[in-house]
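For reference, the structure discussed in these notes is given below.
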Amino acid sequence: MPDRTKILQRFIDATEAGIRARAADFPDAMAMTDRIFTALKSGDGAAPATPPTRLPARLPVCDHLEAALDHARGGPVPELGAAFAAIEPAFVWFRRPEAAQVAGDFYENHANAVIIGDGGLEARRDVRIGVSLVAPDIHYPRHHHPPEELYVVLSSGKWMQNDNPLVPKQSGDLVHNPPNVWHAMQATGTAPLLAVWCLWTGT
Ligand SMILES: [Fe+2]
């Protein structure tokens, strides 16, 4: 087992438990889930740690964090909400680099943080885990990426895949994106959207 803090291990365990609780509904995502959480028990994928470019800090949109975490703690994944709240003070929140080119209010109204992977609290090559927060009524633009991805929804919102209509997802739901699938999300008018994302970046 890699040498990591108790709060980080708690967050990893709570993320895995949240995913496995829905295994029956998302059988296609379980091979990736096994790869990720088996890898995280070994130090093989560890990468040299890069010095942080910024100190842990929130962005203005993080004012919505408490509401989002209240939602998570009151739903089917309370332990993940509590584990998130415990480790969040260590996060270096950032905006998507491309966000400045997005029209509208997206730039000021979203934030991401990396927990595992390049630029995260634990540097690794094979797994990337992070979180996204989106303010109420804000659309997180469609994007795609080669790594397969699994989101755990902490605070409800609407989700798009393959340019199909947005569908509502509640706290505890999963969103599984096969490699390179277009996807996006939209916070509702009344609640911030908060989700944990897991990417398999190994071979
Ligand atoms: Fe994504």
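- Ring-centre distance between His183 and His176: not below the 6.0 Å cut-off.
- Salt bridge Glu16/Arg10: absent, no basic N to carboxylate O contact under 4.0 Å.
- A donor-acceptor distance shorter than 3.5 angstrom exists from the side chain of Arg125 to the backbone of Asp44, with no hydrogens or angles considered.
- With hydrogens and angles disregarded, no donor-acceptor distance shorter than 3.5 Å links the side chain of His139 to the backbone of Asp137.
- Met32 and Cys198 make their closest contact through CE-O, 3.2 Å (heavy atoms, listed as atom of the first residue, atom of the second, distance).
- Note: Glu149 CD to Asn180 CG = 11.5 Å, rounded to the nearest 0.5 Å.
- With a 4.5 Å cut-off on side-chain heavy atoms, Phe84 and Phe91 count as touching.
- For the atom pair CD1 (Ile12) and CD1 (Ile7), the distance works out to 11.0 Å, reported to the nearest 0.5 Å.
- Residue Thr201 comes nearest to Pro147 through the heavy atom pair CG2-CG, 4.0 Å, listed as atom of the first residue, atom of the second, then distance.
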Next on the checklist: Applying side chain to side chain contact (heavy atoms under 4.5 Å, CB included) to Lys169 and Tyr151, what does each step give before you reach the verdict?
Outcome noted: CA-CA 11 Å; Lys169 294 276 182 182; Tyr151 288 88; over 6 Å; no
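- No side-chain heavy atom of Pro165 sits under 4.5 Å from any side-chain heavy atom of Met160.
- Nearest approach of Leu150 to Ala29, heavy atoms of both residues: CD1-CB, 3.8 Å.
- With contacts defined as side-chain heavy-atom distances shorter than 4.5 Å, the pair Val92/Leu55 does not qualify.
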Next on the checklist: With side chain to side chain contact (heavy atoms under 4.5 Å, CB included) as the criterion, how do Asp118 and Arg128 come out once you've worked through the C-alpha distance, each side chain's angles and the decisive distance to 0.1 Å?
Outcome noted: CA-CA 7 Å; Asp118 192 28; Arg128 193 162 171 78; 3.7 Å; yes
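- When side chains are defined from C-beta on, Phe11 counts as touching Thr15, because their heavy atoms get closer than 4.5 Å.
- You'll find the side chain of Gln186 stays beyond 4.5 Å of the side chain of Leu193, heavy atoms only.
- In terms of hydrophobic clustering, with Ile, Leu, Val, Met, Phe, Trp and Tyr side chains grouped at heavy-atom distances under 4.5 Å, Ile36 and Ile115 are assigned to a common cluster.
- Residues Glu148 and Arg35 are paired through a salt bridge, judged by an N-O separation under 4.0 Å between the basic side chain and the carboxylate.
- Between Asp163 and Arg142, at least one side-chain N (NZ, or NE/NH1/NH2) sits under 4.0 Å from a carboxylate O, which counts as a salt bridge.
- Between Arg22 and Asp25 there is a salt bridge, since at least one side-chain N of the basic residue sits less than 4.0 Å from a carboxylate O of the acidic one.
- In this structure, a donor-acceptor pair under 3.5 Å is present between the side chains of Asn112 and Ser132.
- Salt bridge absent: Asp13 and Lys6 never bring a charged side-chain N and a carboxylate O closer than 4.0 Å.
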Item to check | Chi angles and distances behind the side chain to side chain contact (heavy atoms under 4.5 Å, CB included) call for Gln161, Leu166 | outcome: CA-CA 8 Å; Gln161 197 178 53; Leu166 289 160; over 6 Å; no
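- The nearest pair of heavy atoms linking Pro48 to Ala123 is O-CB, 3.8 Å.
- Rounded to the nearest 0.5 angstrom, Leu154 CG and His71 NE2 are separated by 9.0 Å.
- Val61 has its side chain out of reach of His110: every pair of non-hydrogen atoms, C-beta onward, lies at least 4.5 Å apart.
- Linking ILVMFWY residues whenever their side-chain heavy atoms come closer than 4.5 Å, directly or via other members, places Phe37 and Val196 in the same cluster.
- Taking every heavy atom of both residues into account, Leu133 and Cys62 meet most closely at CD2-CA, 3.8 Å.
- Residues Val114 and Leu65 do not share a hydrophobic cluster, defined by chaining ILVMFWY side chains whose heavy atoms lie under 4.5 Å apart.
- Proximity of Val134 to Leu194: side-chain heavy atoms (C-beta onward) are nowhere separated by under 4.5 Å.
- Annotation: the span from Trp93 atom CH2 to Glu88 atom CD amounts to 6.0 Å, rounded to 0.5 Å.
- Arg73 places no side-chain N or O within 3.5 Å of a backbone atom of Pro78 that could act as its donor or acceptor partner.
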Checklist entry - Are Asn177 and Val175 close enough, and set up right, to give a side chain to side chain contact (heavy atoms under 4.5 Å, CB included), and what steps lead you there? => result CA-CA 6 Å; Asn177 293 314; Val175 178; 4.0 Å; yes
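- Looking at Arg4, its side chain never comes within 3.5 Å of a backbone N or O of Glu122 through a donor-acceptor pair.
- Under the 4.5 Å side-chain heavy-atom criterion for Ile, Leu, Val, Met, Phe, Trp and Tyr, Leu40 and Trp197 are members of distinct hydrophobic clusters.
- Ser171 contributes no side-chain N or O that, together with a main-chain N or O of Ser155, makes up a donor-acceptor pair within less than 3.5 Å.
- Side-chain contact between Met30 and Ile19 is present, with heavy atoms from C-beta onward closer than 4.5 Å.
- Asn109 contributes a side-chain N or O that, together with a main-chain N or O of Asp105, makes up a donor-acceptor pair within less than 3.5 Å.
- Placement of Val131 and Trp200 within a single hydrophobic cluster is found when ILVMFWY residues are connected by side-chain heavy-atom separations under 4.5 Å, directly or transitively.
- The nearest pair of heavy atoms linking Gly157 to Thr188 is CA-CG2, 4.2 Å.
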